[in-house]
Amino acid sequence: MSIAPSTRYQRAETAFDCHREDLPAALMHFAGQERPPHSQALPLLARTLAWVAEEPELPDWLELARIWQWFGRIDPGGDPDVLALPARSVLKAVREQVAALDEVTLRGTVLALAPRSWLLEALADAVHAHAPDRDDTVDPAATLSDRMERRQAREEFWATAAEHEAQAVIADPPDAWGPAARTALTCALVWRLTALAAVFAHVASEPTTPPAAWQQTEPERWQLTELLPGAAAPVTLEVTKHPATPQKLIGLPLAVEGPYGWTVTWDDPATRIHLEGGQCAGRPYAQWQALQALHTLRRTPGGARHAGRLLIPVDPAAPGPEPIPVRTVGLDQVLAAVLDRFPNDPGTPLTSQWVSLPHCRHGEPISAAAAILAALDAPYPTSAEPANETDVDSPAFTDFLTSHAIALTLTTRAYLAGLAGSGPGPDALTSRHQAAMRSLLALLHTSEQAAAQARAEIGPPPADGYRALLDPHRLLEHLRFHAPHEDRPAGLDPDQLATVRRQICRGMAAVTLAHMRNHLAHQPDPDADFKDMVRSAVRRMNSFPDPDSGLADQIGPGDHLLPDPPIRYTVSFHTCDDVDQVDLIYSTAEPGPAHLDLLVPADWGPTIAARGQAVLAGRPVTGVLHRDQNGRPTTVWVVEVEAVRPAPSGDRTVWHVAARSKLANVDWSRGHPQLFTPEPPDSP
């Protein structure tokens with residue numbers, strides 16, 4: 001993070017309420033450490049802060065806070081590769097300074113800076129590492145209970161040894177220390193210095209907040225109340241000290257552990273809304289974090305959201321000084337929310353009844369439109385708001401949504417407004433959905449813009465038109481296929497994307513069937529040579545059954561074990577740099593089709609799918625590493641199916657299907673692509 005050293009110092013001086021020369025002592029107070037330090041502690045801490053402040057890139061404060069997880073426990077002499085270079089640079093400088101301290105100074109500095117629990121943990125690590133007769137072996141015949149008891153006994157042993165070692169380190173001269181003492185003191189001091197440096201880096205990474213007049217309302221409670229411009233309710237910041245607990249190294253930085261709790265709440269007349277909160281090691285640190293949350297609210301147009309509403313509604317006719325990010329609710333989201341209210345079993349009756357108006361009563365949504373908006377975490381009018389008695393497509397309802405920076409697409413507005421078309425009184429969602437779809441169909445028939453929008457939101461119409469989606473079960477199948485919740489690949493129009501989906505789903509179904517038949521045809525022979533069995537298994541692992549070989553049309557002896565009906569697929573897309581991962585785990589015991597979450601690179605649409613290469617030999621192609629002179633892929637990443645058959649379940653066989661990403665070569669010599677993995681030269 002590129003923040004000038006002068007700015008880092010200024011932010012820390014303001015937060016700690018001190019001058020530059022007093023930063024180390026003020027930091028310790030800020031982080032909840034009040035006892036006077038050893039004479040060498042403050043200079044060493046000052047140098048540590050200087051390394052953080054003057055590092056070209058400000059180190060990530062969370063990385064500094066968690067250095068204890070690596071230093072001294074895994075490789076005391078190395079630079080953890082898990083750290084970015086700025087944090088690694090600070091660790092290197094701290095470690096060199098600590099290594100240069102003599103034993104007496106090292107001990108005094110550790111006792112001044114590090115909590116006793118940190119020193120004990122470092123001693124337990126060091127004693128364990130230096131024990132000449134430690135036995136970490138596990139008896140393979142031991143039960144889980146025995147292993148747990150043994151582990152607890154060993155931990156108690158090392159904790160007791162650490163206590164004895166701590167007494168010796170504190171009371172005895174250095175020449176009487178055991179071999180673990182220097183290692184433990186070094187680790188404890190490095191841990192503490194980098195933890196305090198993390199607090200400095202945290203403060204340096206955030207903007208300065210205006211001064212605040214905290215009021216102490218109880219002996220261990222502090223409060224601050226502020227009314228944001230345009231707000232109807234105040235924001236209350238509160239810091240409370242809880243009973244002290246020993247600081248433990250549990251992997252959490254000082255910003256989220258300790259006796260001080262802080263909260264930021266919105267004191268609405270109807271309800272108190274919790275916005276932010278956490279734990280902290282020191283009271284000033286907790287107050288600083290609460291003020292940072294308040295500052296974020298100040299800088300957020302509309303004061304952020306709760307339950308879909310802006311905390312500070314805006315006047316639609318009066319543009320504010322900053323544009324408020326508008327959330328657009330699309331038809332795909334609405335229809336998915338509608339389907340969530342239908343039972344999985346088509347024969348289960350719907351019991352919920354919804355009215356047309358009003359939208360809300362006693363704080364609860366009672367209209368179908370309000371119920372769907374609530375399910376999407378979008379606002380609906382309360383009983384006290386005029387829009388509560390107006391239709392979704394009315395100007396008053398539009399103004400209500402605009403005041404909370406919510407926009408409905410043309411198709412969404414038509415559908416939500418159409419929910420009222422089945423009548424004013426209580427009615428089941430099935431009837432209201434059909435009325436809403438008729439309203440939507442009327443719009444699509446008269447508006448080319450709305451028709452294009454529908455194709456983009458929920459895909460091209462089925463073969464018999466969008467009217468088929470009046471049936472909720474047809475709608476479910478349609479949305480499953482077009483997978484609305486995804487990062488849709490760029491460079492493909494809705495029709496191209498639908499075509500690619502069909503290719504992938506058909507190909508995956510055919511490949512899955514080929515693998516199942518292959519599995520049934522190669523049952524292990526108990527009398528076969530073991531090496532031959534291994535060779536055969538490896539060869540099958542490196543082969544790609546051809547779904548277009550014609551075998552799928554032949555009836556095999558094990559066909560009665562195949563899934564009936566056959567496995568179907570749906571697919572969604574997500575942009576990702578790591579395309580060698582696959583998300584597909586499915587069992588035929590589950591209802592519905594198998595769903596493949598396909599990870600593709602950002603340029604997958606124009607460079608692979610638009611060239612007709614999204615599927616090769618039935619497998620989805622997620623990456624092309626090499627092409628021949630004709631532009632045909634010759635080395636690719638594909639999604640390959642793995643299918644196994646467990647023991648029968650009741651009167652049928654349950655298949656479990658998974659997939660993995662696999663690197664494959666492509667053979668075009670037969671006119672159509674065939675995938676293969678070359679066998680080693682010495683393979684039989």
Keeping [X] on the side-chain end and [Y] on the backbone end, is there a donor-acceptor pair under 3.5 Å?
X	Y	answer
Thr409	Thr412	yes
Asp60	Leu62	yes
Gln674	Asp546	no
Glu385	Thr382	yes
Glu457	Gly330	no
Thr446	Leu443	yes
Gln453	Leu410	yes
Ser367	Ala370	yes

Does [X] reach the side chain of [Y], with side-chain heavy atoms less than 4.5 Å apart?
X	Y	answer
Val615	Val500	no
Phe342	His473	no
Leu373	Ile406	no
Leu228	Leu294	yes
Ile504	Val639	no

Review point. Taking Glu640 as the fixed residue, which of Arg619, Lys662, Arg660 is the one that meets the salt bridge (Lys or Arg N to Asp or Glu O under 4.0 Å) rule?
Key: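 Of the listed options, the one satisfying the test is Arg619.
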
Return the [atom1] to [atom2] distance between [X] and [Y], rounded to the nearest 0.5 Å.
X	Y	atom1	atom2	value
Leu297	Ile312	CG	CD1	8.0 Å
Ile458	Asp332	CD1	CG	8.5 Å
Leu357	Ser394	CG	OG	8.5 Å
Glu642	Thr512	CD	OG1	11.0 Å
Ile273	Leu311	CD1	CG	6.0 Å
Asp583	Asp597	CG	CG	5.0 Å

Closer than 4.0 angstrom, basic N to acidic O: yes or no for [X] and [Y]?
X	Y	answer
Asp377	Arg305	no
Arg299	Glu206	no
Arg480	Glu477	yes
Asp495	Arg455	yes

Exercise for review: Walk me through it: do Arg432 and Ser356 pass the test side-chain hydrogen bond (donor to acceptor under 3.5 Å, both in side chains)?
Suggested key: CA-CA 9 Å; Arg432 295 207 173 273; Ser356 295; 3.2 Å; yes

Check your understanding: Given the rule in the side-chain contact (heavy atoms from CB on, under 4.5 Å) test, do Leu598 and Met508 qualify, once you have shown the distances and angles that lead to the verdict?
Key -> CA-CA 12 Å; Leu598 197 63; Met508 286 292 290; over 6 Å; no

Exercise for review: Quickly, which of Glu486, His595, His482 forms a side chain to side chain donor-acceptor pair (under 3.5 Å) with Ser572? Name it, please.
Suggested key: His595

**Study point:** Passing candidate, side chain to side chain contact (heavy atoms under 4.5 Å, CB included) with Phe544, options Val638, Val641, Leu616
**Key:**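 When Val638, Val641, Leu616 are each tested with Phe544, the side chain to side chain contact (heavy atoms under 4.5 Å, CB included) holds only for Val638.
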
Review point. According to the interplanar angle, ranging from 0 to 90°, do the rings of Tyr466 and His478 count as parallel (below 30°), tilted (30 to 60°) or perpendicular (above 60°)?
Key: perpendicular

Review point. With under 30° as parallel and over 60° as perpendicular, where do the rings of Trp604 and Phe573 fit, or are they tilted in between?
Key: tilted

Atom of [X], atom of [Y] and distance for their closest heavy-atom approach:
X	Y	value
Val264	Ala290	CG2-O, 3.9 Å
Pro547	Ala510	CB-CB, 3.6 Å
Pro633	Val624	CB-CG1, 4.0 Å
Ala664	Leu675	CB-CB, 4.4 Å
Thr607	Gln613	O-OE1, 4.3 Å
Pro301	Leu310	O-CD2, 4.3 Å

Point to revise | Chi angles and distances behind the side-chain contact (heavy atoms from CB on, under 4.5 Å) call for Arg361, Asn388 | key: CA-CA 9 Å; Arg361 182 178 294 153; Asn388 191 45; over 6 Å; no

Review point. Aromatic ring centroids of Trp655 and Tyr586 under 6.0 Å?
Key: no

**Study point:** Audit row: Gln496, Arg501, side-chain hydrogen bond (donor to acceptor under 3.5 Å, both in side chains) steps and yes/no
**Key:** CA-CA 9 Å; Gln496 290 175 317; Arg501 285 191 201 280; over 6 Å; no

Practice item. Apply the test side-chain hydrogen bond (donor to acceptor under 3.5 Å, both in side chains) to residues Thr398 and Arg413: give CA-CA distance (whole Å), side-chain angles for both, the deciding distance (0.1 Å), then the verdict. Key: CA-CA 10 Å; Thr398 299; Arg413 188 182 307 279; 3.0 Å; yes

Practice item. Sorted by first residue and then second, give each ring-ring contact (aromatic ring centres under 6.0 Å, His included) pair with at least one member in residues 351-393; sequence neighbours left out. Key: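 Non-adjacent pairs meeting ring-ring contact (aromatic ring centres under 6.0 Å, His included): His359-Phe397.
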
Review point. Given Thr209 and Gln292, is the side-chain contact (heavy atoms from CB on, under 4.5 Å) satisfied, shown in steps?
Key: CA-CA 7 Å; Thr209 58; Gln292 285 293 326; 3.4 Å; yes

Check your understanding: Does the side-chain contact (heavy atoms from CB on, under 4.5 Å) test come out yes or no for Thr328 and Leu408, once each step is laid out?
Key -> CA-CA 6 Å; Thr328 300; Leu408 305 180; over 6 Å; no

Review point. Does atom CD1 of Ile585 have more than 12 heavy-atom neighbours, drawn from other residues, nucleotides or ligands, at distances under 6.0 Å?
Key: no

Review point. Counting heavy atoms not belonging to His274, are there more than 12 under 6.0 Å from its NE2?
Key: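 Check passes, neighbour count above 12.
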
Practice item. Taking atom types as modelled, find out whether Ser587 and Glu590 have a side-chain donor-acceptor pair closer than 3.5 angstrom. Key: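 The criterion, which ignores hydrogens and geometry beyond distance, is not satisfied for Glu590 and Ser587.
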
